[in-house]
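Just so it is clear: chains get the letters A, B, ... in the order the sequence lines come, proteins before strands, and each one is counted from 1. Because only heavy atoms are used, hydrogens play no part in the values below, and waters and symmetry mates are left out as well, while side chains stay in.
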Amino acid sequence: MSQVRVRFAPSPTGFFHIGSARTALFNWLYARHTGGVFVLRIEDTDQARNSEEFLNVIYDSLTWLGMTWDEGPKVGGAFGPYRQSERAHIYAEYLEKLKASGRTYEKDGALFFKISGEPQIIDDAIRGRVERVEEKDFVIVRSDKTPVFHFVNVVDDITMAITHVIRGEDHLSNTSKHTELFKALGAPLPVYAHIPLILKQNGPGKMSKRDQGALVEEYQRRSYIPEALVNFLSLLGWNPKDDSEKMPIAEIIRRFDLPGVNQSNARFDDKKLAHMNMAYMLEMPAARFCELARAHFRRHQLAAGDWPDGAYFGEVMALAQPKIKAIDELPGYTVYFFAEDYPIDPKVREKVLAKGEPAARLKELIEVLRTADFSSDAAVESAIKTLAASTNLGFGDYQSVARLAVSGTNVGPSITGMFRVLGKDRVLARMERFLAGL
RNA sequence: GUCCCCAUCGUCUAGCCCGGUUAGGACACCACCCUUUCACGGUGAGAACCGGGGUUCGAAUCCCCGUGGGGACGCCA
């Protein structure tokens, strides 16, 4: 049996759509699953869209998601070149073949392909038998002599020896044009597999560039975990038939197959993606979390990105990692670890100050903490508990006002960990400053 | 309008091919538990076979017709 060759053929538009990512992923998974070849081909026949910058968007997104290509730009291969803008001579050659067969004619300066009109039958790997009759001759070369998509797409698939065409269902109606061309050129049909589309999460229609969460770069910017996005995307239209959801990529590759792909469109659900992202973050090694956090802070030009004290930075991240749902929450979640002018949430302030005698609690706390041991969470905890026991109050009576004074909010890591990492001097200084402002 | 594809909880889906299930899981939502705030986690609840005809002892499952959703109908890709 010959080796599977699949291709992902994006057009450089300047952005990378989540639907494109899923199409690329299904192709890539199928190649990896079968031990086949994943080809990247750039459909850049439209000169206006042809820029290095736009190409980099494609390379960056695929690389970020971990989808390496076996043949294509940058890596080469025996079937190149892999950019349509460099394949004009190949199209000219195949055009001659088609002309010689008498299946073309010129009209209004454009070259038309004469269809057979026979029913075109494909045995789609996902949908089964699909029959459609192409009813009109169509243009294959524009009057400006440039070949159109349907023609170059088929010629490339033939000359690149593509065995499986895995693409969005929006191409299903185009397939009759393509099979007509394959036959006219005397080439065997590839196996087609039309995957369902991703629908926007609110409102009608498929997801488009303008929809919230539609662009891969958005997840990159927000420092989502690429493995989580890939895992989520793999489950949009495919599933392993048991209840597995979170799976390492090796397992997804092992279990993925075309017959397991659904036939119906799927609505995008950012909540489920967020949940998947959190699950990946929770079990990530601390070192990697720190790296991603550093990069995120830097990207947003925050001081923490280049914080000189690596050990301190690591301690703060260790407190945050198990608590947040996504890395883009980090700047807000950890402000007070990296600055003294952290904001005080007015609503929380009002709420906390309205209850009990916060000023008195704070004074007691300051007294006790002055001589307390800050070297471990347990030591800090024991100091506060001893105090609470002596005043017949609860830990919580001290915790809420202390948290407000030291962090400005009511959400965050455990107060003991927060104190330990911040250190005695800063904790006391903040409490005194807060007390003075009451 | 014509052609093509699709149809199970709000969402992603298992079950359908090879008719018999209390129609399962996950996200979301709600309640409770855990608890040092906030999360995580745990337990539980509510929530679906689009409609109508057939076939059959029996239909989510097979067939037909509606309806609904999606896509394609470019000298875009």
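Across all strands, A:A110 comes closer than 4.0 Å to base atoms (heavy-atom distances). Looking at heavy-atom distances under 4.0 Å, A:L172 makes contact with sugar-phosphate atoms alone, never a base. A:N265 comes within 4.0 angstrom of the backbone, heavy atoms only, and of no base. Contacts of A:S400 with the nucleic acid, taken as non-hydrogen atoms under 4.0 Å apart, are absent. A:R132 comes within contact range of the sugar-phosphate backbone alone, with a heavy-atom separation under 4.0 Å but no base atom that close. Within the 4.0 angstrom heavy-atom criterion, only backbone atoms of the sugar-phosphate kind lie near A:Q263; the bases stay farther away. Across all strands shown, A:G394 has no heavy atoms under 4.0 Å from either base or sugar-phosphate atoms. Among the atoms of the strands shown, none is found under 4.0 Å from any heavy atom of A:P10. Looking at heavy-atom distances under 4.0 Å, A:L282 makes contact with sugar-phosphate atoms alone, never a base. Among the protein residues, A:H171 comes within range of the nucleic acid bases, having at least one heavy atom under 4.0 Å from a base atom. In this structure, A:G412 reaches the bases: a heavy-atom distance under 4.0 Å links it to at least one base atom across the strands shown. If you check every strand for non-hydrogen atoms under 4.0 Å, A:E381 touches a base.
Residue A:T416 has its side chain nearest to B:rU36 when only B:rC75, B:rU36, B:rG70 are considered.
By the ring pair (Phe, Tyr, Trp, His ring centres under 6.0 Å) test, A:F149 pairs with A:H171, A:H178, sequence neighbours left out.
Between A:K323 and A:E329 no salt bridge is recorded (no basic side-chain N to carboxylate O distance below 4.0 Å). Salt bridge A:R430/A:E340: present, at least one basic N to carboxylate O contact under 4.0 Å. Note on A:R361 versus A:E364: salt bridge recorded, some NZ/NE/NH1/NH2 to OD/OE distance being below 4.0 Å.
The base of B:rA26 is paired with the side chain of A:K272 by a donor and an acceptor separated by under 3.5 Å. Counting distance only, with no hydrogens placed and no angle test, the side-chain atoms of A:K323 and the base atoms of B:rC38 include a donor-acceptor pair under 3.5 Å. Judged by distance alone, with hydrogens and angles left aside, A:S173 brings no side-chain donor or acceptor close enough to the base of B:rC73 to form a pair under 3.5 Å.
Considering A:F16, A:F54, A:F8, A:W69 as possible partners of A:Y59, the one that fulfils the ring-ring contact (aromatic ring centres under 6.0 Å, His included) test is A:W69.
Of the side-chain N and O atoms in A:R142, one or more sit less than 4.0 angstrom from OP1 or OP2 of B:rC76.
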